[in-house]
Enquirer: 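After the structure tokens below, expect a handful of questions from me.
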Amino acid sequence: MRRTKEQAEQTRGAILAAAETLFLEKGVAHSSLEHIARHAGVTRGAVYWHFENKAHLFHELLSQVRLPPEQMAMRLSACAGRDPLLALRELCIEAIENLARDPQKQRIFTILLRRCEFTDELREAEQRHAAFINQFIALCEQQFDQPGVKPRLQPGMSPRLAARTLHAMIIGLFSDWLRDPTLFDPLSDSAPMIDACFRGLVRDWQQG
């Protein structure tokens, strides 16, 4: 039984690796499940045994490099006695730095941001991706909406707008760096750039 389970995991891993390679080379829309099966050295039936469709496969590929919302919520709530925004700051900096350290994350986010068209075939994946974004923004908004934070926001800046601004900056930095890694150094420049964003959102921001 253990050997069967190990073989199943190896097959699943081979399919995900093949999908990653083909999505990066050809784009998601131009890579069929049949192409992926052939590249992985498995049958098309084996692909369907592990993944319902291409949308499910694409979602699972993204899940390999994204911190689940539940873990993000735990990270953000573990700030007793601290400025509630410090945990959010650290999470944002860590996300950008980890992109530079992890080649697989670079490949998968390149696929998401530069090789993916959300066609009808990927509608389910698009919906799951949108739900993930909305969950992240909601977690950020909760931090900005805390009693000790909300009064500190810049005039005209609501928790909702602050959360969306921060998310837009992170996605912009991901996209720009993947397009041209010479634009900035994620390991040395992430903290000052994120702090600049927080200074624009919070009147008394002192970190960094």
Enquirer: Name the orientation class of the two ring planes belonging to Phe198 and Trp205 (parallel below 30°, tilted from 30 to 60°, perpendicular beyond 60°).
Expert: parallel
Enquirer: Does Glu9 pair with Lys5 as a salt bridge, N-O distance under 4.0 Å?
Expert: no
Enquirer: Could you report the tightest heavy-atom contact between Gln106 and Ala100, atom names first, then the distance?
Expert: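 Closest approach of Gln106 to Ala100: NE2-O, 3.1 Å.
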Enquirer: Sub-3.5 Å donor-acceptor pair from the side chain of Arg203 to the main-chain atoms of Pro151, do we have one?
Expert: yes
Enquirer: Could you check Glu121, Glu126, Gln127 and say which one makes a side chain to side chain donor-acceptor pair (under 3.5 Å) with Arg123?
Expert: Glu126
Enquirer: Arg89 vs Leu85, test: side-chain contact (heavy atoms from CB on, under 4.5 Å). Steps then yes/no.
Expert: CA-CA 6 Å; Arg89 171 191 184 265; Leu85 295 183; 5.9 Å; no
Enquirer: Side-chain atoms of residues 154-161: list all donor-acceptor pairs with protein atoms under 3.5 Å, sequence neighbours left out, distances to 0.1 Å.
Expert:
unit_1: Gln154; atom_1: NE2; unit_2: Arg199; atom_2: O; d: 3.1
unit_1: Ser158; atom_1: OG; unit_2: Leu161; atom_2: N; d: 3.1

Enquirer: Looking at His39 and Ala18, what are the two nearest heavy atoms and their distance?
Expert: ND1-CB, 3.7 Å
Enquirer: Going by salt bridge (charged side-chain N to carboxylate O under 4.0 Å, His left out), name the residues that satisfy it together with Asp145, two or more places apart in sequence or in a different chain.
Expert: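 Listed in chain order: Lys150.
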Enquirer: Output side-chain donor-acceptor pairs under 3.5 Å for residues 60-67, partner residues at least two apart or in another chain, one line each.
Expert:
unit_1: Glu60; atom_1: OE1; unit_2: Arg12; atom_2: NH2; d: 2.9
unit_1: Ser63; atom_1: OG; unit_2: His59; atom_2: O; d: 3.0
unit_1: Arg66; atom_1: NH1; unit_2: His129; atom_2: ND1; d: 2.9

Enquirer: If you take all heavy atoms of Ile36 and Ile15, which pair is closest and at what distance?
Expert: CG2-O, 3.8 Å
Enquirer: What pair of heavy atoms forms the shortest contact from Pro69 to Leu139, and how long is it?
Expert: O-CD1, 3.8 Å
Enquirer: Determine, for Arg107 against Glu25, whether the closest basic-nitrogen to carboxylate-oxygen distance falls under 4.0 angstrom.
Expert: no
Enquirer: Before you tell me yes or no, could you show the steps for Leu33 and Tyr48 under side-chain contact (heavy atoms from CB on, under 4.5 Å), namely the whole-Å CA-CA distance, both residues' side-chain angles and the distance that decides it to 0.1 Å?
Expert: CA-CA 9 Å; Leu33 292 182; Tyr48 279 110; 3.4 Å; yes
Enquirer: Heavy atoms only: give me the nearest Val28-Phe23 pair and the separation to one decimal.
Expert: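 For Val28 and Phe23, the tightest heavy-atom pair comes out as CA-CD2, 3.7 Å.
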Enquirer: What are the two closest heavy atoms between Leu22 and Ser31, and how far apart are they?
Expert: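 Shortest heavy-atom separation between Leu22 and Ser31 comes out as O-OG, 3.2 Å.
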Enquirer: Please assess Ile96 against Phe184 for the test side-chain contact (heavy atoms from CB on, under 4.5 Å), listing each intermediate value before the final yes or no.
Expert: CA-CA 11 Å; Ile96 302 169; Phe184 64 91; 4.3 Å; yes
